[in-house]
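Take a look at the structure set out below.
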Amino acid sequence: MSSDHVQSAERSADSAEAPFLELLARGASADAYEQPVLLARADGRPPGRIAALERAKLLALRVRSEIEGRRRREAELSALFETAHDLAGLRDLDAVLQAIVQRARSLLGTDVAYLSLNDAARGDTYMRVTEGSVAARFQQLRLGMGEGLGGLVAQTARPYVTDDYFKDGRFQHTQSIDAGVRDEGLVAILGVPLMIGPQVIGVLFAADRRARVFEREQIALLGSFAALAAAAIDTANWLTETRSALDRLGRANEIIRDRSGVIERASDVHDRLAELVLRGGGVHDVAAAVSEVLDGMVEFAESSDAPAAPLEASRAEGHAVRHGDDWIAAVAAGGELLGALVLRGHPGLDPVDQRTLERAAMVTSLLLLARRSASEAEQRVRGELLDDLLDARDRDPRLLRERAARLHADLDGSHVVLAARLDAGAADADQEASARRRLWSTASHLATTRRGLAAARHGGTVLLLPLGPGDTATTLARRTARDLGTAVRERVTVGASAPVERLAARPDAVAAAYAEGQRCLEALLVLGRAGDGAAAEDFGFLGLLLAGDRDISGFVERTIGRVVAYDERRGTDLLRTLDAYFGCGMSPARTKDDLHVHVNTVAQRLERVGRLLGDDWQSPARALEIQLALRLHRLSSATSP
């Protein structure tokens, strides 16, 4: 070929590339590159010119594609760099994950992007962040491992892509997942795993609402974003653990400082308690000292006044027990409960302060034992005085009063003699002797606090207690049975005498009253009422046999006194009607003949009797007592002047 032809071909090629360079320069669309070829053909240019334009077009399109690819890679790298920058300054994990999902959606040009995380506790995966989603049900989806495309990615740790979700049978479709995807209108879905080391922690998705083929480069790009998201989550977890460790260190530091203060307080309370013991302080002094140290209200309570369940738990465990907002520390010696220290309104008690309360309870028990030892001599004196009264050895009223006055007792007041006994014998002699000692000790303490006397006698205990205002022999017996039983933690049965007075002048009355109390005690046991307390007046006509003074008028008053009083006030014949009714075999028809009245009159009188004596007045036991009372009433009326 001649040089002229070569130069001509080169000029033709240069002129053919010129329009395409201009298109490249202004970033024209791919369709615009067909225009120079079409114009040349329309102008009838030579085939060589058209061929040159075709070659130039293909070259320009390759250059354009390369430029577009580089631009896309630059944008991807820029997005990845910005995401990495966000990760480096991580402050809010949700904000970083939201940025990752937004950038993935933008770069892949999808309608929706979202991220799910695995829930190890529930064994599934759930939506954490969404971008472009409009369906609430889709945003709240939970996918079981292996369910749906995302569940398959989470289970296998491999990317999965589908061009048409509902036509793809490679993964398990479920009603709830398909309903959420259908609500969102998704068709093409790409999912890549979020991984920390070998562990899958979630899935990053990009999805379109139309059929679409995701290119390999797009899958790789989404995988890069998934790696950044996993790193963000790992960093956030690490920061959380670091903050938690720092918090724990801070709390440990505070605990160390608190322990130092607690040790100082413990030393202080030890010194105070030692001083109290040395100078003979009382239980309330201990409570006051511990109140100052624990910065709360500490009170000593008798065992009967403290909550039973926590008190017993504290005694059994040997530690203070929480009860609501209070703490209960049992004050015990051996197996005997002496009371409790109660810390009020202090639910958050420090363990060292708890031990301080327990130590104070121990000191309190020692003080009580010391006080008991000191009072045992006084109790023996009280027992000796009661023994003398029971045996009538010392009949000088003046000496008896003097001995009683030294014990703060008043023998001229109204008293009740109580016979107390444990419910049953123990398994062996030692246990029985121990139980009796506890009963005697408790009874002596009770007598001391109530200004009475107590003594051990006949395998049980006898008490001489003053009768307080509003008290009866029955109420005193029941209260004493309850108090003694609570203190010794066994059933104690108590029989009471009728009230006796002027014992200094009538010491023999004590022995008679004790015999009456013993009979009531035996009657309670025979009737199966162990652990109860009663006086002769509680046994109806049987009480006439139990009572030492055979209180016939009292029995009549208790049994039919209301009917007697009604007849006296109204001038009626209810007593005579009752006599006739029982005499006629409790037959109203025969009674009306005996009284010569109408049967309705008998019915009305008996109805009135029922209102006065109670609905059960015709029961066999009550009827027997009423008949006996009627006869005694007739006898007493016949012998009275």
Side-chain angles (χ1 to χ4, degrees), residues 413-416 467-479 495-502 513 516 519-520 523 527 533-641:
S414 182
H415 288 72
V416 172
L467 199 61
D471 270 345
T472 65
T474 298
T475 58
L476 187 58
R478 289 176 178 169
R479 186 166 63 245
S497 72
V500 289
E501 299 179 352
R502 298 186 300 109
E516 180 180 336
R519 289 193 294 270
C520 290
L527 295 173
E537 64 186 23
D538 300 310
F539 294 96
F541 72 89
L542 181 60
L544 293 176
L545 304 177
L546 300 174
D549 58 359
R550 302 293 190 270
D551 183 14
I552 294 176
S553 61
F555 171 74
V556 172
E557 173 62 27
R558 290 192 299 272
T559 307
I560 60 171
R562 298 186 67 183
V563 178
V564 173
Y566 189 87
D567 275 354
E568 290 176 352
R569 288 197 311 270
R570 304 292 182 90
T572 54
D573 285 328
L574 296 184
L575 282 177
R576 192 162 69 90
T577 303
L578 269 177
D579 251 340
Y581 180 64
F582 286 119
C584 295
M586 301 175 71
S587 167
R590 291 167 58 191
T591 302
K592 61 99 174 172
D593 293 336
D594 187 65
L595 296 176
H596 305 291
V597 297
H598 195 276
V599 69
N600 289 342
T601 302
V602 174
Q604 291 171 0
R605 291 178 181 178
L606 295 178
E607 181 182 359
R608 172 62 62 185
V609 169
R611 285 200 293 269
L612 292 171
L613 299 183
D615 294 337
D616 64 339
W617 72 276
Q618 296 189 73
S619 65
R622 289 290 308 280
L624 179 60
E625 291 185 357
I626 293 170
Q627 291 178 72
L628 179 58
L630 287 170
R631 293 191 180 187
L632 292 173
H633 179 66
R634 284 201 305 272
L635 289 173
S636 62
S637 298
T639 57
S640 60

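Numbering starts at 1 and runs along the sequence shown.
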Ring geometry between Tyr581 and Trp617 (parallel below 30°, tilted from 30 to 60°, perpendicular above 60°): tilted
Can you tell me if CG on Asp615 sees more than 12 non-hydrogen neighbours from other groups inside 6.0 Å? no
Minimum heavy-atom separation for Asp594 and Cys584, please, with both atom names. CB-SG, 3.9 Å
With the side chain counted from C-beta on, respond yes when Thr474 and Arg478 share a heavy-atom pair under 4.5 Å apart, and no when they do not. yes
Minimum heavy-atom separation for Ala496 to Val416, with atom names? CB-CG1, 3.8 Å
Atom CG in Leu574, atom CZ in Arg562: separation rounded to 0.5 Å? 12.0 Å
Considering only NZ, NE, NH1 and NH2 on the basic side and carboxylate oxygens on the acidic side, decide whether Asp471 and Arg479 come within less than 4.0 Å. yes
Hey, are the side chains of Gln618 and Met586 touching, using non-hydrogen atoms and a 4.5 Å cut-off? yes
Any Leu575 side-chain heavy atom under 4.5 Å of Val564 side chain: yes
Side chains of Leu595 and Thr591 in contact at under 4.5 Å (non-hydrogen atoms): yes
dist Arg608:CZ -> Arg611:CZ (nearest 0.5 Å) comes out at 4.0 Å
Return the minimal non-hydrogen interatomic distance between Ala473 and Ser497, and the atom names on each side. CB-O, 3.3 Å
Could you check Val500, Leu476, Thr475 and say which one makes a side chain to side chain contact (heavy atoms under 4.5 Å, CB included) with Leu467? Leu476
Are the side chains of Thr601 and Lys592 in contact, using a 4.5 Å heavy-atom criterion? no
I'd like to check Val609 versus Leu578 (side-chain heavy atoms, cut-off strictly below 4.5 Å). Are they in contact? yes
